[in-house]
Q: 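I have a structure here, written as structure tokens, and I will follow up with some questions on it.
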Number of protein chains: 2
Amino acid sequence: MEHSARQNLGVSAYARLKRDIIRGVHPAGEKLLMSNLRQRYDLGTGPLREALSQLVAEHLVVAISQRGYRVAPMSVAELEDIYDARAHLEGLIVELAIARGDDAWEADILAKAHTLAKVMDVSGPEEMLDIWDRRHQAFHGAIAAGCGSRHLLQAREGLLDQVERYRHLWLCETVFSSEALEYKRQEHAALVEALLARDASEVCHMIREHLMTPVPIIREVMKRRGLE
Amino acid sequence: MEHSARQNLGVSAYARLKRDIIRGVHPAGEKLLMSNLRQRYDLGTGPLREALSQLVAEHLVVAISQRGYRVAPMSVAELEDIYDARAHLEGLIVELAIARGDDAWEADILAKAHTLAKVMDVSGPEEMLDIWDRRHQAFHGAIAAGCGSRHLLQAREGLLDQVERYRHLWLCETVFSSEALEYKRQEHAALVEALLARDASEVCHMIREHLMTPVPIIREVMKRRGLE
DNA sequence: TCTTTGCAAAATATCTACATTTTTAAAAAA
DNA sequence: TTTTTTAAAAATGTAGATATTTTGCAAAGA
């Protein structure tokens with residue numbers, strides 16, 4: 001009964017490649033040489049091309065016919081466009097969630113906010129980054145889930161995938177700064193309060209602010225690294 | 001200079017498969033047998049798996065590990081969710097477009113509205129459907145483009161891909177009915193007028209109405225065909 | 001009799017290795 | 001320099017090997 005359902009290799013190749021692209025192991029614009037990938041991930045071309053095709057569909061990789069694959073480029077212009085799009089979409093979704101969310105929705109938000117606030121620097125900083133990010137995503141995910149539309153949430157996921165590489169730059173700066181973390185914690189608490197009060201316009205405004213704060217920081221990091 | 005840039009086979013496999021799924025050649029839920037696909041599209045498994053991987057990323061196909069691929073199911077519940085999501089997202093985008101669109105935007109809308117209104121039943125009805133649909137999409141695309149956000153438009157494209165199968169059911173009913181076409185033509189004209197007047201709340205309301213009209217018709221078709 | 005179980009055969013999905021085509025680079029010629 | 005030629009590198013496609021799932025059928029159990 002527990003044969004640990006063997007995944008096909010394409011699926012794990014996809015997960016590993018995506019993770020490495022987001023973390024900058026494969027930087028923006030890098031040529032993804034089949035021979036390198038085969039060696040690095042110990043896979044044949046078949047599964048790799050499957051994984052790359054999916055990443056192309058997600059716009060994290062671009063394919064040039066007969067010339068292989070490349071990590072999608074990054075730019076400050078794109079950074080700004082993604083965050084702009086996210087702010088608007090997230091605003092729409094939160095508005096719907098406030099109109100449609102039920103008691104279970106509220107309870108879930110409280111639960112996720114609690115676990116997020118309790119993240120402590122117990123193990124190494126690398127671990128810390130993972131845990132904080134996971135719980136942070138879960139918290140915002142719980143808020144968005146209230147909109148009740150699978151397809152709006154799907155669109156939101158798409159933008160999340162796009163922003164991940166930029167957000168990773170920010171995470172590395174932020175998670176290790178306890179004052180930045182403390183500031184976020186306060187924002188989250190205020191957000192929960194406004195959500196429970198179902199104050200739509202207030203929440204919209206707060207979410208927007210909250211979402212956009214990383215932008216100047218990321219812009220700075222990108223300039224420092226010459227990624228503009 | 002014009003070597004007609006050879007595409008890799010995966011790309012054309014993707015286009016053909018997608019088209020056939022949207023048109024119902026491969027109905028919802030159908031098992032996509034490799035041997036059948038190889039025969040039908042005259043391709044090896046490699047390019048086919050590439051194409052299928054992309055379609056999986058777009059949620060038009062679902063993959064079950066070691067058990068191959070299946071056309072994603074359809075349901076009335078999904079129909080309603082997609083249209084709901086679309087109505088909200090399109091509303092958001094149009095609002096932004098009204099705030100941000102310039103003169104070129106207005107001009108492009110007028111141009112596209114004109115070509116759409118001029119579609120005549122010159123050749124066969126099959127051809128007619130293609131042309132009307134293409135111009136209809138171009139018209140609404142021109143309106144949305146005004147929002148100026150590549151990533152919001154990308155999210156919109158994603159929903160369009162999702163809805164395409166349902167919309168195809170509707171198109172077949174509508175395009176051959178000249179009164180339905182005439183009704184649409186009036187809606188479009190009114191929409192253009194309100195857009196040029198930059199009456200955001202009016203446009204939002206109209207777009208929503210315009211977008212949702214197909215839903216009851218499609219629901220009917222689905223029931224008739226036992227796709228509920 | 002009807003249902004369940006076990007097994008082997010067939011069908012199917014998946015992967016790899018190699019053949020083919022195309023691009024890139026390097027060297028030679030103009 | 002600029003162009004042409006040539007060799008190496010890389011991408012792409014196919015055929016066949018391997019592993020997995022499904023199916024058909026018979027025997028056991030209810």
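Letters A, B, ... are given to chains in the order of the sequence lines, protein chains preceding strands, and every chain is numbered from 1.
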Q: Return each pair, listed once, that meets salt bridge (Lys or Arg N to Asp or Glu O under 4.0 Å) where at least one residue sits in residues 210-220 of chain A; pairs must be two or more places apart or across chains.
A: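 Applying salt bridge (Lys or Arg N to Asp or Glu O under 4.0 Å) to every pair that reaches into residues 210-220 of chain A, excluding sequence neighbours, yields A:Glu80-A:Arg219.
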
Q: Here's a test for you: under side chain to side chain contact (heavy atoms under 4.5 Å, CB included), which of A:His59, A:Arg86, A:His88, A:Glu78 qualifies with B:His151?
A: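 Single side chain to side chain contact (heavy atoms under 4.5 Å, CB included) partner of B:His151 among A:His59, A:Arg86, A:His88, A:Glu78: A:Glu78.
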
Q: Return the CG to NE2 distance between B:Leu181 and B:His188, rounded to the nearest 0.5 Å.
A: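 Answer rounded to 0.5 Å: 9.5 Å.
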
Q: For residues 28-48 of chain B, pull every pair meeting salt bridge (Lys or Arg N to Asp or Glu O under 4.0 Å), keeping only residues two or more places apart or in separate chains.
A: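 Matches after skipping sequence neighbours: B:Asp20-B:Arg40.
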
Q: How would you list all residue pairs meeting salt bridge (Lys or Arg N to Asp or Glu O under 4.0 Å) that involve residues 58-71 of chain B, not counting sequence neighbours?
A: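 Counting only pairs at least two positions apart or across chains, the salt bridge (Lys or Arg N to Asp or Glu O under 4.0 Å) contacts touching residues 58-71 of chain B are B:Lys18-B:Glu58.
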
Q: Earliest and latest nucleotide of DNA chain D, 5' to 3', sitting under 4.0 Å from a non-hydrogen atom of chain A?
A: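 Nucleotide range with atoms under 4.0 Å of chain A: D:dA10 to D:dT20.
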
Q: What is the minimum heavy-atom distance between A:Pro73 and A:Tyr166, and which atoms define it?
A: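 Scanning both residues, the minimum pair turns out to be O-OH, 4.4 Å.
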
Q: Indicate for each nucleotide in nucleotides 11-17 of chain C, in 5' to 3' sequence, whether protein heavy atoms under 4.0 Å reach the base (B), only the sugar-phosphate (S), or nothing (-).
A: -SSSBB-

Q: For residues 45-55 of chain A, pull every pair meeting salt bridge (Lys or Arg N to Asp or Glu O under 4.0 Å), keeping only residues two or more places apart or in separate chains.
A: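 Every pair satisfying salt bridge (Lys or Arg N to Asp or Glu O under 4.0 Å) with a residue in residues 45-55 of chain A: A:Arg49-B:Glu50, A:Glu50-B:Arg49.
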
